[in-house]
Protein chains: 2
Amino acid sequence: MARRRKAVTIKHVAADAGVSLQTVSRVINNEANVRPQMRERVQQSIDRLGYIPSIAAQRMSGSRSYLILALNDRERTIEDWRARQGSDWVDQMLLGGMLKCAEYGYRLIFELVDTHNDHVERELKAAIAALQPDGVILTPPHSDNRLITSLLSAHNIPFAQIGSEGAGGGIPLIMGDHDAARLATQHLIDLGHSRIGFITGSSEYLLSDWRTAGWQAAMDAAGLPVDGLSEQGDFTYQSGTAAAEHLLDRNPCVTAILASNDQMALATLELARQRGLRVPEDLSIISFDNTPAVLHAQPPMTAIDQPVAATTSRAVELIIASKRGEQLPDGPTIVPAQLIERGSTARPAKVSA
Amino acid sequence: MARRRKAVTIKHVAADAGVSLQTVSRVINNEANVRPQMRERVQQSIDRLGYIPSIAAQRMSGSRSYLILALNDRERTIEDWRARQGSDWVDQMLLGGMLKCAEYGYRLIFELVDTHNDHVERELKAAIAALQPDGVILTPPHSDNRLITSLLSAHNIPFAQIGSEGAGGGIPLIMGDHDAARLATQHLIDLGHSRIGFITGSSEYLLSDWRTAGWQAAMDAAGLPVDGLSEQGDFTYQSGTAAAEHLLDRNPCVTAILASNDQMALATLELARQRGLRVPEDLSIISFDNTPAVLHAQPPMTAIDQPVAATTSRAVELIIASKRGEQLPDGPTIVPAQLIERGSTARPAKVSA
DNA sequence: TTGAAAGCGCTAACAC
DNA sequence: GTGTTAGCGCTTTCAA
């Protein structure tokens with residue numbers, strides 16, 4: 001393999017502009033103590049030569065690598081990927097994060113780590129040592145993993161905790177779970193439903209509780225009972241089927257169900273079909289997350305959109321702001337989720353008990 | 001911001017093992033000229049201290065950055081991403097490539113560049129200068145962009161060309177388009193179809209021609225006519241609708257249609273529904289790519305799976321092999337595509353003319 | 001406000 | 001087979 005072609009370095013720019021390396025460095029990094037005229041001259045040389053700093057060299061001397069690490073759960077991510085059921089979490093994260101990174105001259109690197117495993121620490125340490133990222137984005141269920149958060153804190157690496165209230169010292173971001181569940185429930189109430197069932201998510205995820213609480217808040221505010229209307233699920237299709245079965249068996253008068261994710265909502269839809277219940281006439285269904293799968297369901301599903309891209313994008317901004325020593329928001333940053341109305345919700349055909 | 005915590009460097013390992021830096025370096029890189037016993041001793045120090053080389057430092061001195069760049073078309077990728085229709089190309093690329101990279105200690109970085117734009121060169125140069133990647137993965141429509149391929153050649157960076165026959169000096173990989181189209185057509189012929197329509201893809205993509213040729217080859221081999229059975233599409237849903245309309249108007253006796261991608265196949269399905277044609281009884285449909293959208297169609301669509309993950313994975317392997325000076329395959333590497341049988345294909349109800 | 005010198009962690013080239 | 005030296009491209013520190 002021939003040697004890499006000689007690239008334009010800071011030296012070439014310095015020579016071209018007739019200044020010291022240091023002055024060029026100051027211009028690149030937008031530092032103070034450069035006269036406008038000098039800055040202008042250097043910038044012209046940079047443009048003329050098409051100079052771009054090497055991030056490897058920048059990292060070697062300085063404190064920035066211009067790399068942000070996005071961590072996801074290995075098992076779950078690979079599973080979704082293999083299944084090809086249309087879960088686009090990673091896709092949305094990548095693009096939301098990547099585009100924002102690009103604005104600031106950063107790059108996003110994805111890494112998978114095992115959650116239920118003592119390798120976490122070793123894996124994360126290795127990634128940190130190899131890449132020395134300027135920041136890390138944690139997603140559930142890693143967001144509140146003390147092993148991870150304390151390791152990052154010890155290394156002084158700013159990190160975002162998506163779907164976390166912020167225990168652990170990172171930058172917490174929440175995808176509007178509570179409000180979205182509340183509004184979705186309210187939407188059903190406005191349509192005339194009063195017996196509204198809820199299928200919860202896995203208790204391993206904090207957001208499961210928030211979603212449940214949002215449903216409950218809306219029900220309480222409307223003075224509607226919730227007893228026996230909540231059923232435990234774990235985000236899998238199977239658990240959705242089981243939960244929906246129990247729910248409908250116990251409460252024949254249920255006219256609407258809010259499921260804590262798309263898979264469980266799709267399972268509910270299928271069960272309704274099997275039981276001869278028309279959707280939405282006999283049963284309204286709202287799903288959480290709005291992955292592409294629910295778009296193609298029959299009928300297309302009314303869903304709460306999980307703003308994964310917007311949240312990742314915001315996480316990148318906050319990490320970079322933190323790096324720059326800027327003031328960060330006090331509490332968790334809440335990125336609002338929206339309700340997308342489609343065909344799986346309508347006024348109830350029968351009046352519920 | 002406090003200074004980054006002191007990390008374990010090659011010096012610590014050298015001191016711990018009582019050898020020179022160079023010997024440690026040799027062990028890390030699995031080079032020759034280290035006695036097994038010495039290698040063992042150094043390895044123990046590495047393990048004990050939890051040493052991981054800094055890729056920034058490795059890049060600074062050596063010739064490897066352990067970074068591979070995956071390039072996609074900006075416009076198309078952002079469009080798909082925003083649409084959230086379930087195109088999982090990026091997702092499959094990322095995971096297929098990332099996991100393979102991880103096996104070799106590499107990382108994959110995604111970058112979007114404009115195709116129809118004189119910025120291509122500037123953008124790519126910037127990415128190369130900043131990251132100095134060890135390899136680049138090109139996807140259509142970049143794969144045969146001379147501006148890009150010549151730039152990479154000039155920089156001596158090995159690059160994979162997915163969906164290309166290899167003009168430009170890179171490593172060509174093909175996702176079995178020709179054979180897959182042939183086999184899918186054959187499958188329809190075996191079912192008893194003889195009037196089999198084909199909707200082509202955009203001529204901007206070489207693979208469009210391969211897919212068309214595969215259909216034609218199967219038809220020819222079976223002695224079936226193809227006149228008037230091919231209609232031009234451009235991969236959009238709209239073009240699929242138009243093409244299917246023409247096809248069915250001109251050939252009422254068509255009993256099966258093979259569409260060059262999923263969106264056009266879905267458009268064909270919808271048109272069939274509007275015209276009161278039952279699928280698959282009156283019209284069999286096979287789609288190309290097998291993105292998640294076709295899974296949820298009614299009926300679920302028989303599709304040719306595009307092996308994006310496997311191809312990206314292979315691309316990474318070949319790039320790394322090339323870096324190591326290993327012998328590469330002669331012609332294009334063909335990653336076979338498979339036919340996934342679902343509900344949109346069956347024996348024709350009527351006998352075609 | 002600018003420049004010179006030192007050094008980040010590692011590998012290439014060469015000496016032993 | 002192993003160690004020494006020089007230097008990658010940049011920023012930090014300190015001097016001017």
Side-chain angles (χ1 to χ4, degrees), chain A residues 1-42 46 49 51-67 105 128-132 134 323, chain B residues 1-42 45-46 49-67 105 128-132 134 323:
Chain A
M1 189 63 38
R3 179 181 309 287
R4 190 181 299 277
R5 204 170 82 166
K6 247 196 177 60
V8 179
T9 72
I10 198 172
K11 271 191 189 160
H12 300 112
V13 177
D16 186 81
V19 298
S20 72
L21 303 187
Q22 192 40 39
T23 302
V24 179
S25 175
R26 288 191 180 107
V27 172
I28 296 165
N29 295 293
N30 242 315
E31 278 170 24
N33 295 335
V34 185
R35 254 194 294 260
Q37 172 196 352
M38 178 111 283
R39 187 180 293 279
E40 177 64 19
R41 175 144 61 98
V42 172
I46 289 176
L49 300 177
Y51 167 70
I52 302 279
S54 151
I55 68 164
Q58 290 189 119
R59 157 60 217 147
M60 281 299 291
S61 41
S63 50
R64 279 150 309 161
S65 63
Y66 293 101
L67 258 26
I128 291 173
L131 298 170
Q132 284 142 307
D134 284 347
K323 256 292 193 200
Chain B
M1 190 63 37
R3 180 180 310 288
R4 191 180 298 278
R5 203 170 84 166
K6 244 193 180 59
V8 179
T9 74
I10 198 171
K11 270 191 191 160
H12 300 112
V13 177
D16 186 80
V19 299
S20 72
L21 303 186
Q22 192 47 36
T23 301
V24 179
S25 175
R26 287 191 181 106
V27 172
I28 296 165
N29 296 293
N30 242 314
E31 278 170 24
N33 295 334
V34 185
R35 253 195 296 258
Q37 171 197 353
M38 178 110 284
R39 187 179 294 278
E40 177 63 19
R41 175 144 61 99
V42 172
S45 291
I46 290 175
L49 300 177
Y51 167 70
I52 302 280
S54 150
I55 68 163
Q58 290 188 118
R59 157 56 219 150
M60 282 300 290
S61 44
S63 49
R64 279 151 308 161
S65 64
Y66 292 101
L67 258 25
I128 291 174
L131 299 171
Q132 284 140 309
D134 283 348
K323 256 293 193 198

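In the text below, chain A, chain B and the rest are named by the order of the sequence lines, each starting its count at 1.
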Phosphate OP1/OP2 of [N] contacted by [X] side-chain N/O (<4.0 Å):
X: Thr23(B); N: dG3(D); result: yes
X: Tyr51(A); N: dC10(D); result: yes
X: Ser25(A); N: dT11(D); result: yes
X: Ser61(A); N: dG9(D); result: no
X: Arg59(B); N: dC8(D); result: no

Of the non-hydrogen atoms in [X] and [Y], which two are nearest, and what is the gap between them?
X: Val24(B); Y: Val42(B); value: CA-CG1, 4.0 Å
X: Gln58(A); Y: Ile28(A); value: OE1-CG2, 4.4 Å
X: Ala17(B); Y: Ser45(B); value: CB-OG, 3.3 Å
X: Asp134(A); Y: Ser65(A); value: OD1-N, 2.9 Å

Inset, instruction - Have a look at Val34(A) and say if it touches a base, only the backbone sugar-phosphate, or nothing, with a 4.0 Å heavy-atom cut-off. - result: sugar-phosphate
Counting only side-chain heavy atoms from C-beta out, which of [options] sits nearest to [X]?
X: Gln58(A); options: dC10(C), dT11(D), dT12(D); result: dT11(D)
X: Lys11(A); options: dG1(D), dC8(D), dT1(C); result: dC8(D)
X: Ile10(A); options: dG1(D), dG9(C), dT11(D); result: dT11(D)

Legend entry - Nearest-nucleotide 5' precedence on DNA chain D, Ser54(A) against Met38(B): Met38(B)
Between [atom2] on [N] and [atom1] on [X], what's the gap in Å once rounded to a whole number?
X: Tyr66(A); N: dG9(D); atom1: OH; atom2: P; value: 18 Å
X: Asn33(B); N: dG3(D); atom1: CG; atom2: C1'; value: 13 Å
X: Gln22(A); N: dG7(C); atom1: CD; atom2: C1'; value: 14 Å
X: Met60(B); N: dA6(D); atom1: CE; atom2: P; value: 18 Å
X: Gln37(A); N: dT2(C); atom1: CD; atom2: C1'; value: 13 Å
X: Arg64(B); N: dG9(C); atom1: CZ; atom2: C1'; value: 14 Å
X: Asn29(B); N: dA13(C); atom1: CG; atom2: P; value: 14 Å
X: Leu21(A); N: dC8(D); atom1: CG; atom2: P; value: 12 Å

Inset, instruction - Decide side-chain contact (heavy atoms from CB on, under 4.5 Å) for Arg35(A) and Thr23(A); before the verdict, give the C-alpha distance in whole Å, the side-chain angles of both, and the deciding distance to 0.1 Å. - result: CA-CA 10 Å; Arg35(A) 254 194 294 260; Thr23(A) 302; over 6 Å; no
Inset, instruction - Find which nucleotide of DNA chain C each of Arg26(B) and Ala57(B) is nearest to by heavy atoms, and output the residue with the more 5' nucleotide. - result: Ala57(B)
